[in-house]
Amino acid sequence: MQNYDTVVIGAGAAGMMCAIEAGRRGRRVLLVDHAKAAGDKIRISGGGRCNFTNLHIASEKFLSQNQRFALSALARFSQWDFIGRVAGAGIEYHEKTLGQLFCDGRSQQIIDMLLRDMHDTGVTLRLNTSVERLSHDGSYRLLIGGEDIDAQSVVIATGGKSIPKMGATDFGYRVATQFGVPVVETRPALVPLTFAEQDLAPIKLLAGTSVFTSVSCGKTTFDEGMLFTHRGLSGPSILQISSYWRDGQEISVDLALNADVKSELAKARQVSGRKAISTALSAFLPKAVAADAVRRAKLTGNLADQSDAALDILADAVHRWTLKPAGSEGYRTAEVTLGGVDTDALDAKTMQVKAQPGLFFIGEVVDVTGWLGGYNFQWAWSSGWAAGQVV
Ligand code: FDA
C-alpha cells in the first residue's frame, strides 16, 4: 500500500495546477492520467498557441446554474496571477482580440512550464494509468494501475466529455454519482451547429467563406466571425451562441452589422440603378453570400427594379437571417461540456464536496463553462489553484 496526502486524477490544466500548488505546500501528491501525455488539450488549444487566459474575466462570461460560484476562485487566482507565471517562465505572449492572450510560440511552452513546476514541487506523475477503484473508508482507497493507494484527499480533474478521441471520459460524473453528488445535465458547448438538408444545401455552397456577423439567440448576442462549412455553421460567433442555444430554438444572423443595407441600396439605386441587385449587395458582403441573400429574398433584376418593399425584404435577409439549427456536431468537436458537478454541492473557496470531506472537483467537470476566448483555461487554473491550497 502506497500513501499519499492527495491523489489528483486528470493531468490537464486544472489537475496540474492543483498538483503544483499542493506540492508547493509540501504535500505528497500523486497525479494520474490515462493518457500518454499530460495536458493534451492545452497542446491543441488556440490553434496550437493556447489562448491561456483573457484580460476581461467577469462572471457574465461564465455559464453555470450558479453564475457567482466561480467568482471566489477567479478572484483569488486571477488572470493576472497566471499571466505573472507565464511571464516569469519567459513565455512570450500577445493579445489577439477581445482580451484573448495567446502564446507567441507553441502551446507546449505552457505544458513545459507546468511540468517543470511539478518536478520542482515533487509531484509524482503517472501517465498511461487508470483508476480502477475508488472508495472511502476513513481515508480514500484507490486501485491505480493494479496498485493499492491510500490518500487523505482525492481531486477529480478529469474534464468534460468533449473530444472522446482525445481521452475524454465521464469518469468525473460517475465519481460524483458514486458519492451522491448531483450532476447538472451535460451538453456539448462551443460547438458548430448543424442544419436539416434543405437549410444545409445552400450553406454547403458557401463552405470556406467567413463573414463578420452578429449572431443572436434569445437575448444573447455575439459579434464575431462566422464560417460556412460543409456540415453547417461554425466560427467564433456560432461557437459562442451554441452554449446558449437549445433544441428547437431559432438563431438570428446579421451578415452586415456595420452597414444599413436598406438605406445604402436605396441611395445606390439613384446613381447605379443598372447594377444587378446581387452585385450591388456584394459591396457589403462576400459575393457568394450576397447572391445567397438575394436568392433567399426571392429578388431578381437590377437595383432600379427594386421597390422600397423589396429592399426591406432584402435587408431582412441580410440583417435578420433566421435559421433553425437541427443540432450540433456534438461532443466529437465541442470545445467544452456545459453542465457537470452541481456547484451547490461544492465549497466555492476550496472546491471540496461539502458533504464528503477530502473529495474535490475542479476544472471543466464542474458546472462552470466559460465563453470562447481563454475563459475555460482560467477557470481550470483558478479552481485548480483553490483546491491546491487545502488538499
Ligand atoms: P482537461 O480535459 O484538460 O483534462 C482532463 C484530463 O483528465 C485529461 O488529461 C484526460 O486524459 C484525463 N482523464 C479523463 N478521464 C480519465 C480517466 N478516466 N482516468 C484518468 N485520466 C482521465 N480553452 C481555453 O480557455 N482556451 C483555448 O484556447 C481553448 N482551446 C480549445 C481547443 C480545443 C480543440 C478544445 C477541445 C478545447 C479548448 N479549450 C480552450 C477548452 C479547454 O481545453 C478546457 O476547458 C480545459 O482543458 C479543461 O481543463 P481540465 O483540466 O478541467 O480538463
Side-chain angles (χ1 to χ4, degrees), residues 7-19 30-54 57 61-63 79 82 93 96 98-103 107 110-111 114 125-134 142-145 154-175 188-192 234 236 239 243 329 331-338 340-341 351 360-385 387:
V7 172
V8 181
I9 306 171
M16 285 196 277
M17 177 58 85
C18 177
L30 172 65
L31 175 58
V32 187
D33 202 298
H34 64 173
K36 56 179 190 297
D40 270 347
K41 281 197 180 160
I42 300 175
R43 189 172 45 73
I44 61 154
S45 67
R49 292 190 192 281
C50 188
N51 176 194
F52 56 81
T53 192
N54 194 291
I57 298 293
K61 313 285 174 73
F62 293 87
L63 292 86
Q79 67 271 42
F82 193 73
Y93 62 91
K96 193 169 167 192
L98 303 170
Q100 301 168 5
L101 299 190
F102 285 76
C103 298
S107 312
I110 302 281
I111 301 174
L114 297 166
L125 172 63
R126 278 175 64 182
L127 298 168
N128 275 318
T129 305
S130 294
V131 177
E132 286 122 26
R133 202 168 56 234
L134 166 61
L142 301 101
L143 184 63
I144 297 182
V154 170
V155 183
I156 308 298
T158 43
K161 297 178 183 172
S162 319
I163 325 240
K165 238 165 112 185
M166 291 187 69
T169 67
D170 64 354
F171 181 87
Y173 312 113
R174 281 192 276 120
V175 171
L190 298 182
V191 63
S234 186
L239 299 186
S243 300
E329 288 187 10
Y331 291 118
R332 188 178 60 80
T333 62
E335 282 201 12
V336 286
T337 302
L338 209 62
V341 171
M351 307 296 136
F360 296 74
F361 289 88
I362 57 173
E364 198 181 315
V365 72
V366 178
D367 172 33
V368 173
T369 306
W371 284 7
L372 187 78
Y375 297 98
N376 286 297
F377 276 136
Q378 187 57 47
W379 167 244
W381 313 132
S382 297
S383 56
W385 183 93

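As the structure lists them, so they are numbered: ligands from 1, and atoms in each ligand from 1.
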So which heavy atom in the protein is nearest [atom], and how far is it from that ligand atom?
| atom | answer |
| --- | --- |
| atom 51 (O) of ligand 1 | Ala14 N, 2.9 Å |
| atom 11 (O) of ligand 1 | Asp33 OD1, 2.7 Å |
| atom 37 (C) of ligand 1 | Glu335 O, 3.3 Å |
| atom 24 (C) of ligand 1 | Phe377 CD1, 3.1 Å |
| atom 44 (C) of ligand 1 | Glu364 OE1, 3.1 Å |
| atom 4 (O) of ligand 1 | Gly12 CA, 3.4 Å |
| atom 30 (N) of ligand 1 | Ser45 CB, 3.3 Å |
| atom 15 (N) of ligand 1 | Thr169 OG1, 2.7 Å |

Determine whether any heavy atom of Ser162 lies closer than 4.0 Å to an atom of ligand 1.
no
Is the closest heavy-atom distance from Asp40 to ligand 1 below 4.0 Å?
no
Under 3.5 Å, N or O to N or O, is [X] touching ligand 1 that way?
| X | value |
| --- | --- |
| Gly46 | yes |
| Ala13 | yes |
| His34 | yes |

Would you compute the distance between atom [atom1] of [X] and atom [atom2] of [Y] and round it to the nearest 0.5 angstrom?
| X | Y | atom1 | atom2 | answer |
| --- | --- | --- | --- | --- |
| Ile44 | Arg49 | CD1 | CZ | 15.5 Å |
| Ile110 | Met16 | CD1 | CE | 10.0 Å |
| Lys161 | Phe171 | NZ | CZ | 15.0 Å |

Just by distance, do the side chain of [X] and the backbone of [Y] share a donor-acceptor pair under 3.5 Å?
| X | Y | value |
| --- | --- | --- |
| Thr158 | Gly10 | no |
| Ser383 | Ile362 | no |
| Asn51 | Thr53 | yes |
| Asn54 | Leu98 | yes |
| Ser234 | Pro192 | no |
| Thr129 | His34 | no |
| Thr337 | Gly160 | no |
| Trp381 | Phe52 | yes |

Six-ring centre of Tyr375, Lys61 cation under 6.0 angstrom, axis tolerance 45°:
no
What part of [X], side chain, backbone, both or neither, has a heavy atom within less than 4.0 angstrom of ligand 1?
| X | result |
| --- | --- |
| Ala168 | neither |
| Ile42 | neither |
| Ile163 | side chain |
| Phe171 | side chain |

Find all atoms of ligand 1 within a distance of less than 4.0 Å from any non-hydrogen atom belonging to [X], and give their numbers and elements.
| X | value |
| --- | --- |
| Gly167 | 14 (C), 15 (N) |
| Ala35 | 11 (O) |
| Thr158 | 5 (C), 7 (O), 13 (N), 14 (C), 15 (N), 16 (C), 22 (C) |
| Gly159 | 2 (O), 5 (C), 52 (O), 53 (O) |
| Gly363 | 52 (O) |
| Gly374 | 24 (C), 25 (O), 26 (N) |
| Asn376 | 23 (N), 25 (O), 45 (O) |
| Gly10 | 6 (C), 7 (O), 12 (C) |

Determine whether Val7 and Val155 make a side-chain contact, defined as any pair of heavy atoms from C-beta on separated by less than 4.5 Å.
no
Out of Val175, Val32, Asn51, the nearest non-hydrogen contact to atom 28 (O) of ligand 1 is supplied by Asn51
So which of Val175, Ile156, Leu31, Ile144 actually passes side chain to side chain contact (heavy atoms under 4.5 Å, CB included) with Ile9?
Ile156
So, for Tyr93 and Phe102, is the gap between ring centers shorter than 6.0 Å?
no
